[in-house]
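What follows is a short report on a single structure.
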Amino acid sequence: MNDTYYEQLVTCKPTGKTALLRVLSFLPILILILFGFPFLGFFAFMLAALYAVLAYYFIFPRFNVEYEYDLLNHELDIAAIYSKANRKDKLSIDIQHAEIIAPKNSHRLDSYHTTKRYDFSSGNANTNTYAIIITLNQTLCTVLFDPDDEMLRHMKGWMGMKLFQD
């Protein structure tokens with residue numbers, strides 16, 4: 001057998017939206033303490049502490065995201081890893097069924113009008129973000145990801161003339 005396997009890990013850059021959501025997640029704690037204390041007394045502090053613990057375990061891990069790209073022959077599996085602990089499979093596609101794979105800002109993508117967009121990129125403007133135009137569930141979709149040169153080399157073997165590296 002002549003199988004090829006390649007794995008890549010990409011860390012997402014925190015955005016302004018992420019920072020705003022972190023601050024807003026502390027807002028219920030502050031409201032419970034300031035406005036709940038006159039009415040509920042010490043019970044307001046207990047509710048605020050309970051919310052803080054729940055936020056620490058369920059909300060804050062969603063702000064630290066890494067994407068793992070697994071390429072086995074022509075199957076690309078994308079998973080999200082939250083806080084370097086919890087892994088969740090996001091998407092699995094056969095790149096041979098893709099219409100085109102090109103850099104995100106390439107003019108080759110201008111003629112494709114997709115209805116859905118999946119962003120599994122790092123969010124960093126300095127990286128080479130690529131777009132895969134593919135039909136998923138009878139809908140033309142754009143999948144954004146940040147492959148390195150080695151992954152592009154492996155994909156070129158399966159994609160041929162559908163992969164552009166402008």
Side-chain angles (χ1 to χ4, degrees), residues 5-72 75-95 97-98 101-105 109 112-152 154-155:
Y5 178 76
Y6 188 73
E7 180 177 282
Q8 180 185 351
L9 192 66
V10 174
T11 303
C12 288
K13 177 184 167 189
T15 62
K17 178 183 168 185
T18 306
L20 179 65
L21 289 174
R22 283 181 192 231
V23 170
L24 288 177
S25 63
F26 282 110
L27 196 59
I29 297 171
L30 190 62
I31 290 172
L32 274 172
I33 292 174
L34 292 178
F35 297 113
F37 185 70
F39 301 109
L40 302 173
F42 184 70
F43 187 65
F45 285 114
M46 291 178 56
L47 285 176
L50 177 65
Y51 176 80
V53 169
L54 291 175
Y56 179 77
Y57 283 107
F58 295 110
I59 296 173
F60 290 142
R62 300 288 181 195
F63 295 139
N64 185 6
V65 180
E66 295 176 327
Y67 290 114
E68 179 185 61
Y69 311 136
D70 293 326
L71 183 67
L72 177 61
E75 291 287 330
L76 178 64
D77 296 322
I78 301 174
I81 301 172
Y82 299 105
S83 294
K84 298 183 182 188
N86 301 331
R87 184 178 192 276
K88 183 177 180 183
D89 293 329
K90 290 293 188 178
L91 191 65
S92 181
I93 58 174
D94 185 351
I95 61 171
H97 294 138
I101 299 175
K104 176 177 77 169
N105 297 326
L109 300 172
Y112 295 96
H113 302 288
T114 59
T115 55
K116 245 185 164 180
R117 181 178 169 143
Y118 298 99
D119 190 356
F120 302 116
S121 65
S122 65
N124 190 350
N126 298 330
T127 60
N128 293 329
T129 301
Y130 276 72
I132 300 174
I133 307 295
I134 191 167
T135 302
L136 299 173
N137 299 326
Q138 300 175 347
T139 304
L140 194 61
C141 302
T142 301
V143 178
L144 298 176
F145 72 118
D146 294 337
D148 59 5
D149 293 334
E150 186 68 19
M151 181 172 278
L152 287 172
H154 286 295
M155 293 173 88

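Numbers here simply count residues along the sequence, with the first being 1. When reading the values below, keep in mind they use all heavy atoms of this one structure, side chains included, and skip hydrogens, waters and symmetry mates.
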Step by step, work out the side chain to side chain contact (heavy atoms under 4.5 Å, CB included) result for N128 and L152.
-> CA-CA 11 Å; N128 293 329; L152 287 172; over 6 Å; no
Take M151 and F145 through the side chain to side chain contact (heavy atoms under 4.5 Å, CB included) test and state the conclusion after the steps.
-> CA-CA 11 Å; M151 181 172 278; F145 72 118; 4.1 Å; yes
Please output the side-chain donor-acceptor pairs of residues 130-144 that fall under 3.5 Å, not counting sequence neighbours, one pair per line with the distance.
from	atom 1	to	atom 2	distance (Å)
T139	OG1	N137	O	3.4
T142	OG1	T114	OG1	2.8

Distance-only check: which donor-acceptor pairs under 3.5 Å involve side-chain atoms of residues 49-61, not counting sequence neighbours?
from	atom 1	to	atom 2	distance (Å)
Y51	OH	S25	O	3.1

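Here D94 pairs with nothing under the salt bridge (Lys or Arg N to Asp or Glu O under 4.0 Å) rule; sequence neighbours left out. In this view, R22 satisfies the salt bridge (Lys or Arg N to Asp or Glu O under 4.0 Å) rule with no residue, not counting sequence neighbours. Residues satisfying the side chain to side chain donor-acceptor pair (under 3.5 Å) test with N124, not counting sequence neighbours, are none. K13 pairs by the side chain to side chain donor-acceptor pair (under 3.5 Å) definition with nothing, not counting sequence neighbours.
Listed for the Q8 side chain is no donor-acceptor partner under 3.5 Å among the backbone atoms of L71.
Here the closest heavy-atom approach between residue A44 and residue G36 is recorded as CB-C, 3.5 Å. Minimum interatomic distance between D119 and Y67 (heavy atoms only, all atoms of both residues): O-OH, 3.7 Å. Closest approach of V65 and A80 over heavy atoms only: CG1-CB, 4.4 Å. Closest non-hydrogen pair, I33 versus A48, comes out as CG1-CB, 3.8 Å. For the residue pair C12 and S121, the shortest heavy atom distance occurs at SG-O, 3.5 Å. Across all non-hydrogen atoms, the minimal contact from L109 to P103 is CD1-O, 3.3 Å.
Residue V10 is tested with I78, T129, D146 for a side-chain contact (heavy atoms from CB on, under 4.5 Å); the sole match is D146.
D148 and Y69 are not linked by any side-chain donor-acceptor pair at a separation below 3.5 angstrom, with hydrogens and angles left out of the test.
To the nearest 0.5 angstrom, L9 atom CG is 6.5 Å from E68 atom CD.
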